[in-house]
Amino acid sequence: MQVGKSGRTYVVCPLCGHAFGTAYAGTYVTIGREADLCPKIPGRPSDGARVIQNSVTMCPACSFAAGEPFDELDLTFDERYCIEERLKEDGLLKVFRKGQPPWLGFHAAEVCGKERSFKSRRLGDLCLRASWVCRKEKERPFESTFQLRALRHFMRALQEDTLVGRELSVTTYLVGELNRRLGNHREALNWYVNAHRTTGGDPRVAWLDRLIDRQSKLAREQAA
Ligand SMILES: [Zn+2]
């Protein structure tokens, strides 16, 4: 459990230089996690959504977004140019920039992350968090959209990133769990088996083995 507070701070956009006030997440209280590792946060679901949302900052002027503190970012000239172009051309940003739906910051951070050569694991994590926010805000179609994107990034991560230990086990498990949530129950079962193989009975990830057992049972019932 984490205890702390959040608040507001002023930041300067590393892309366009716009200065603006923004909320920061700080630390927060959690009361466990859902099976896709979404933190359970006390209070109304929309309060929890806001806490998760605060883990990315998005510039209101140019839509540059990132999970890191803006003052720690040092973009190269080429990165700046490519990110600017991508943000201008992005279809979802064009449509939703004005309405500012709760998942928009994660989408923008994914767009920027691709130009900043983020590894697939990290891009998948942004999409997974977007799906958590959508669930808490009851945005069903967008929840599935981001689950599918997270799934694709995680699959690529398993092929291309060199994941080891806990990260390998958790990523493999999440591929199973996201498949289950998207209705691919048989596929999910295969990935749970793979995930179980990667833990090798390591007591440090006993919690994950328990989760794999529980979710496998659920997927078997759903597949029947
Ligand atoms: Zn900006």
Is any NZ, NE, NH1 or NH2 atom of the basic residue among [X] and [Y] found under 4.0 Å from an Asp or Glu carboxylate oxygen of the other?
X	Y	value
Arg86	Asp90	no
Arg50	Asp47	yes
Glu110	Lys114	yes

Query raised in the report: Can you tell me if CZ on Arg152 sees more than 12 non-hydrogen neighbours from other groups inside 6.0 Å?
Result: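 Atom CZ in Arg152 is not crowded, with 12 or fewer foreign heavy atoms closer than 6.0 Å.
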Query raised in the report: Is Asp71 atom CG crowded by more than 12 heavy atoms from other residues, nucleotides or ligands, each under 6.0 Å away?
Result: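 Count over threshold, so yes.
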Report task. On the 0 to 90° scale, with breaks at 30° and 60°, tag the His18-Phe20 ring pair as parallel, tilted or perpendicular. Result ->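 Ring orientation, 0 to 90° scale: parallel.
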**Report entry** Whether Phe142 and Phe96 hold their rings parallel, tilted or perpendicular, with breakpoints at 30° and 60°
**Finding:**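 Plane angle over 60°, so perpendicular.
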For [X] and [Y], which heavy atoms make the closest approach, and how far apart are they?
X	Y	answer
Thr198	Ser169	OG1-OG, 2.9 Å
Gly17	Val12	O-CG1, 3.7 Å
Val133	Pro102	CG1-CB, 3.5 Å
Glu68	Arg116	OE2-NH2, 2.7 Å
Arg8	Gly21	NH2-O, 3.3 Å
Cys62	Cys13	SG-SG, 3.7 Å

Query raised in the report: How many angstroms lie between atom CD of Glu115 and atom CD of Glu85, to the nearest 0.5 angstrom?
Result: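 Glu115 CD to Glu85 CD: 10.0 Å, rounded to 0.5 Å.
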Query raised in the report: What about Leu87 and Leu75, same hydrophobic cluster or not, with Ile/Leu/Val/Met/Phe/Trp/Tyr joined at side-chain heavy-atom distances under 4.5 Å?
Result: yes
Report task. Consider only side-chain heavy atoms of I, L, V, M, F, W and Y, link residues closer than 4.5 Å, and tell whether Leu168 and Leu151 are in one cluster. Result -> yes
Indicate yes or no for a side-chain donor-acceptor contact from [X] to the backbone of [Y] under 3.5 Å, with no hydrogens or angles considered.
X	Y	answer
Asp202	Arg204	yes
Arg80	Pro14	yes
Asn179	Val175	yes

